[in-house]
Asks: 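Got a structure for you, written out below as structure tokens; questions coming shortly.
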Amino acid sequence: MMDHQISASNVIPLRQGFLPRHYEYLMRWLEAGTCMGLCDVDVASAEEGDGIEHVLVWVRENADPAYMIQPEGMRWVLIDQLRDRRLSSYRSFEAALYAIRPVLSCGATAAA
């Protein structure tokens, strides 16, 4: 008789990846948004070296990062970093940036 139980260690969770096209879009978004108060961004890699941990976004109104975007499963979560509050989750990285400042078309990046 075969054991049909699957060990939890065999389950690999799906997770969004931060691709070069995301970085290119992020830089275009930042440049286009400077007139709307965007100041800087920082892409932090996961400690294990496999993927992105989060993206921080600074706006000129505050010296601390105002927003964080991080992958969660197959979605991107937008967090109000100043109030430590989850705002929403999005199907695409571009949609999360659009929610912060709608400076570029939300569908401006072609699918990889």
Side-chain angles (χ1 to χ4, degrees):
M1 182 171 171
M2 290 180 54
D3 185 6
H4 292 289
Q5 292 181 339
I6 297 175
S7 169
S9 63
N10 292 337
V11 176
I12 301 171
L14 293 176
R15 186 170 180 178
Q16 289 282 9
F18 192 76
L19 304 172
R21 70 177 176 89
H22 291 126
Y23 184 79
E24 291 170 15
Y25 186 89
L26 178 64
M27 292 299 108
R28 286 194 354 245
W29 176 81
L30 179 62
E31 184 179 339
T34 56
C35 64
M36 291 182 71
L38 296 175
C39 271
D40 199 7
V41 295
D42 180 43
V43 179
S45 297
E47 288 181 18
E48 301 83 36
D50 55 2
I52 179 178
E53 187 169 300
H54 61 261
V55 173
L56 294 174
V57 177
W58 280 262
V59 296
R60 78 173 146 237
E61 295 87 18
N62 201 307
D64 294 321
Y67 300 98
M68 179 193 308
I69 301 172
Q70 62 186 27
E72 182 178 276
M74 293 304 292
R75 300 188 62 86
W76 295 92
V77 176
L78 177 59
I79 297 167
D80 179 334
Q81 187 70 4
L82 298 172
R83 293 170 189 83
D84 193 26
R85 192 181 73 149
R86 180 183 172 126
L87 298 174
S88 191
S89 70
Y90 301 89
R91 287 185 174 184
S92 72
F93 179 72
E94 296 82 4
L97 291 175
Y98 188 85
I100 296 172
R101 297 283 195 279
V103 296
L104 294 177
S105 166
C106 196
T109 302

Asks: Check whether any side-chain heavy atom of I69 lies under 4.5 Å from a side-chain heavy atom of V77, and answer yes or no.
Replies: no
Asks: Is any side-chain heavy atom of D42 closer than 4.5 Å to one of W58?
Replies: yes
Asks: What's the verdict on side-chain contact (heavy atoms from CB on, under 4.5 Å) for L19 and Y25, showing C-alpha distance, side-chain angles and the deciding distance?
Replies: CA-CA 10 Å; L19 304 172; Y25 186 89; over 6 Å; no
Asks: Do the side chains of V41 and M27 get nearer than 4.5 Å, heavy atoms only?
Replies: yes
Asks: For the residue pair Y98 and L104, establish whether any side-chain heavy-atom pair is separated by less than 4.5 Å.
Replies: no
Asks: Does R101 reach the main-chain N or O of M36 with its side chain, forming a donor-acceptor pair under 3.5 Å?
Replies: yes
Asks: For residues 78-85, which side-chain N or O atoms pair as donor and acceptor with protein atoms under 3.5 Å away, sequence neighbours left out?
Replies:
residue	atom	partner	partner atom	Å
D80	OD1	L82	N	3.1
D80	OD1	R83	N	3.1
D80	OD2	R83	NH1	2.8

Asks: Following the transitive rule for hydrophobic clusters with a side-chain heavy-atom cut-off under 4.5 Å over Ile, Leu, Val, Met, Phe, Trp and Tyr, establish whether M68 and V59 coincide in one cluster.
Replies: no
Asks: Who are the side chain to side chain contact (heavy atoms under 4.5 Å, CB included) partners of R60, not counting sequence neighbours?
Replies: C39
Asks: Contact between R91 and R75 at the side-chain level, heavy atoms closer than 4.5 Å - yes or no?
Replies: yes
Asks: Given side chains that start at C-beta, do those of H22 and W76 come closer than 4.5 Å, heavy atoms only?
Replies: yes
Asks: For residues L56 and H54, determine if any side-chain heavy atom of one lies less than 4.5 Å from a side-chain heavy atom of the other.
Replies: yes
Asks: Side-chain contact, heavy-atom cut-off 4.5 Å: R21 with E94?
Replies: yes
Asks: Between F93 and F18, is the ring-ring contact (aromatic ring centres under 6.0 Å, His included) condition met? List the steps.
Replies: CA-CA 9 Å; F93 179 72; F18 192 76; 5.3 Å; yes
